[in-house]
Amino acid sequence: MTKRCTATVLLLMFVPSLLCTSRLLGQETADADQRLVNLLSGADAAVGDLVSGVSECDVLFLGELHDSDAFHQLQLETIQALHAAGRDIVISMEMFERDVQGVVDDYLAGRIDEATFKANSRPWKNYDAHYRPIVEFAKQNNWCVIAGNTPRKLAGNVATGTANGTTDSAYVARRTTAEHDGYYQRFVEVMQGHVGAGGEEGMEKMYRAQCLKDDTMAESIVDFLDVHPHRRPLVVHLCGQFHSDYGYGTAMRVLTRRPLLKISVVTMRKVDNVSQLPDDVDRKLADFVLLVKKEGEQPGDEDKDEKKD
């Protein structure tokens with residue numbers, strides 16, 4: 001389904017601060033509250049293994065649960081370790097929409113201050129806690145940050161059927177598809193009973209809005225690569241895990257546009273016991289999975305987190 005990178009055995013040296021502060025770089029004890037697993041081999045992994053595994057990749061999808069402090073820490077540590085390993089990095093983000101790309105560029109270039117940036121870029125409510133460290137690291141290293149997503153209002157128009165959202169704006173993908181494939185089946189399973197689904201017709205509209213986001217993010221990534229043919233950067237895309245699990249969603253649409261690109265997918269699961277892989281985690285899910293121990297959550301909280309975007 002996807003051309004994912006396979007893990008290679010490399011020994012990488014990282015900056016001392018990472019080795020001292022990271023909980024994920026070292027092996028954890030049996031009662032740890034999180035565990036990184038290489039799904040290709042089934043073995044426990046560290047950030048160094050993840051970096052080795054994506055050494056030949058063009059696009060790395062870090063598919064998150066948006067409220068997970070542990071996964072956001074893994075994202076930051078992975079990006080820092082990739083930088084330490086000498087990779088040319090471009091950050092791509094679901095969390096910023098195409099119409100604020102100029103604002104993002106101005107901030108990274110130092111033309112506006114952070115207060116102006118935040119006032120004009122519609123950052124998510126958890127920006128300071130979860131995304132600011134990555135954006136600041138990108139700014140420090142003069143990296144590009146792709147504001148990749150469809151503006152929420154335009155996607156909402158598709159979800160409600162008030163506009164098709166694909167023909168009257170430069171801020172959405174030039175072409176989009178909404179095939180009834182395995183991705184559609186997963187979407188229906190997750191969204192069944194969700195308030196606002198509105199039966200079969202409503203489900204179809206919501207799925208089209210989801211696919212519009214996927215196509216727009218994929219196009220944003222591929223357009224960047226097409227405009228910079230002299231580079232072969234690693235694009236690190238931050239997104240909700242539903243956009244990349246099983247190589248579906250945005251990941252699949254990147255490969256539709258550029259079939260020869262190599263991609264890798266990292267995901268996460270909240271579990272009762274991190275020492276055991278849950279039944280719904282298999283090698284097709286991703287290349288790596290971060291297992292995080294649940295802390296007093298109600299059943300379905302993970303799905304609710306993903307449904308909101």
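Position 1 is the first residue of the sequence; numbering continues from there. As a basis for the values below, the full set of heavy atoms in this structure was taken, side chains included, without hydrogen atoms, waters or symmetry mates.
Residues Val59 and Lys262 are not in side-chain contact: their nearest non-hydrogen atoms beyond the backbone lie 4.5 Å or more apart. No side-chain heavy atom of Arg35 sits less than 4.5 Å from a side-chain heavy atom of Leu290. Inter-residue side-chain proximity for Val274 and Val292 is flagged as unmet; no heavy-atom pair is nearer than 4.5 Å. Considering only heavy atoms from C-beta on, Leu277 comes within 4.5 Å of Leu291 through its side chain. Residues Ile91 and Ile146 form no side-chain contact, since every pair of their non-hydrogen atoms from C-beta on lies 4.5 Å or further apart. Contact check for Thr256 versus Val254: no side-chain heavy atoms found under the 4.5 Å cut-off. You'll find the side chain of Gln140 stays beyond 4.5 Å of the side chain of Glu136, heavy atoms only. Contact of the Val271 side chain with the Lys293 side chain is not registered, since no non-hydrogen atoms from C-beta on lie closer than 4.5 Å.
No hydrogens or angles considered: nothing links the side chains of Asn126 and His66 as a donor-acceptor pair under 3.5 Å. Side chain to side chain, Glu189 and Gln185 fail the donor-acceptor criterion of an N or O pair below 3.5 Å.
In the hydrophobic clustering of ILVMFWY residues, with side-chain heavy atoms under 4.5 Å counting as a link, Met217 and Leu238 come out apart. At a threshold of 4.5 Å between side-chain heavy atoms, the hydrophobic network of Ile, Leu, Val, Met, Phe, Trp and Tyr places Phe137 and Val145 in one connected group. The cluster map of Ile, Leu, Val, Met, Phe, Trp and Tyr, joined by side-chain heavy atoms under 4.5 Å apart, puts Leu76 and Met93 in the same cluster.
Atoms OH and CZ, from Tyr184 and Arg208 in turn, are 10.0 Å apart once rounded to the nearest 0.5 Å. Residue Leu74 holds its CG atom at 9.0 Å from CE of Met268, rounded to the nearest 0.5 Å. The distance from the OG atom of Ser121 to the CD atom of Gln101 is 11.0 Å, given to the nearest 0.5 Å. Rounding to the nearest 0.5 Å places CG of Asn157 at 11.5 Å from OG1 of Thr150. Rounded to the nearest 0.5 angstrom, Asp49 CG and Asp44 CG are separated by 9.5 Å. The SG atom of Cys239 sits 10.0 Å away from the CG atom of Asn149 when rounded to the nearest 0.5 Å.
Between Cys57 and Ser264, the shortest heavy-atom contact is SG-CB, 3.7 Å. For the pair Cys211 and Thr176, the tightest heavy-atom approach, listed with the atom from each and the gap, is O-OG1, 3.6 Å. When all heavy atoms are compared, the tightest approach of Ala155 to Leu212 is CA-CD2, 4.4 Å. Residues Ala70 and Gln34 come closest through the heavy atom pair CB-OE1, 3.5 Å. Scanning both residues, Val54 and Arg87, for their nearest heavy atoms gives O-NH1, 3.1 Å. When all heavy atoms of Val235 and Ser92 are compared, the closest pair comes out as CG1-CB, 3.8 Å.
Of the residues listed (Asp67, Asp33, Asp69), the one engaging Lys270 in a salt bridge (charged side-chain N to carboxylate O under 4.0 Å, His left out) is Asp67, and it is the only one. Applying salt bridge (charged side-chain N to carboxylate O under 4.0 Å, His left out) to Arg257 and the options Asp58, Asp215, Asp226 leaves one that passes, Asp215.
Judged purely by atom type and a 3.5 angstrom limit, His228 uses its side chain to pair as donor or acceptor with the backbone of Phe224. In this structure, the side chain of Glu97 does not engage the main chain of Ala147 through any donor-acceptor pair within 3.5 Å. The backbone N or O of Ser52 sits less than 3.5 Å from a side-chain atom of Ser55, completing a donor-acceptor pair. With Thr177 contributing its side chain and Glu179 its backbone, the two residues share no donor-acceptor pair below 3.5 Å.
Applying the side-chain hydrogen bond (donor to acceptor under 3.5 Å, both in side chains) criterion to Thr116, with sequence neighbours excluded, gives Asp113. In terms of the ring pair (Phe, Tyr, Trp, His ring centres under 6.0 Å) criterion, residue partners of Phe117 (sequence neighbours excluded) are, by chain and number, Phe96, Tyr107. With sequence neighbours excluded, the residues forming a side chain to side chain contact (heavy atoms under 4.5 Å, CB included) with Arg98 are Tyr171, Thr216, Glu219, Ser220, Asp223, listed by chain and number.
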task: Test Arg122 against Asp99 for salt bridge (charged side-chain N to carboxylate O under 4.0 Å, His left out), laying out the working first.
output: CA-CA 10 Å; Arg122 302 190 301 274; Asp99 59 329; 2.7 Å; yes
Derivation and outcome, side chain to side chain contact (heavy atoms under 4.5 Å, CB included), residues Leu39 and Phe288: CA-CA 5 Å; Leu39 287 177; Phe288 291 85; over 6 Å; no
message: Test side chain to side chain contact (heavy atoms under 4.5 Å, CB included) on Leu255 and Leu261; report intermediate values, then the result.
response: CA-CA 7 Å; Leu255 292 179; Leu261 291 178; 4.2 Å; yes
message: Let's go through Asp287 and Asn38 carefully: what are the C-alpha distance in whole Å and the side-chain angles of both, what is the deciding distance for side chain to side chain contact (heavy atoms under 4.5 Å, CB included) to 0.1 Å, and is it a yes or a no?
response: CA-CA 6 Å; Asp287 297 297; Asn38 181 336; 5.8 Å; no
message: Please determine whether side chain to side chain contact (heavy atoms under 4.5 Å, CB included) holds for the pair His237 and Thr250, giving the CA-CA distance in whole Å, both sets of side-chain angles, and the decisive distance to 0.1 Å.
response: CA-CA 10 Å; His237 183 62; Thr250 307; 4.2 Å; yes
task: Determine, step by step, whether Glu77 and Gln73 satisfy the side chain to side chain donor-acceptor pair (under 3.5 Å) criterion, reporting the C-alpha distance in whole Å, the side-chain angles of both residues, the deciding distance to 0.1 Å, and the verdict.
output: CA-CA 6 Å; Glu77 291 179 6; Gln73 183 64 28; 2.9 Å; yes
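Between Tyr248 and Tyr246, the ring planes lie tilted relative to each other; the angle falls in the 30° to 60° range. Ring pair Phe242/Tyr183 is tilted by interplanar angle, where 30° to 60° counts as tilted. The aromatic rings of Tyr207 and Phe187 sit tilted, their planes meeting at an angle between 30° and 60°.
In this structure, Tyr131 has its ring center under 6.0 Å from that of His72. Checked against a 6.0 Å centroid threshold, the rings of His130 and Phe71 do not count as neighbours.
With respect to the salt-bridge test (charged N to carboxylate O, under 4.0 angstrom), the residues Asp88 and Arg232 do not qualify. Between Arg132 and Glu114, at least one side-chain N (NZ, or NE/NH1/NH2) sits under 4.0 Å from a carboxylate O, which counts as a salt bridge. Checked for salt-bridge contact, Arg186 and Asp181 miss the test: no charged N lies under 4.0 Å from a carboxylate O. For the pair Asp280 and Arg269, the salt-bridge criterion is met [side-chain N within less than 4.0 Å of a carboxylate O]. Of the charged side-chain nitrogens involved, none lies within less than 4.0 Å of a carboxylate oxygen, so that Lys284 and Asp245 do not count as a salt-bridged pair.
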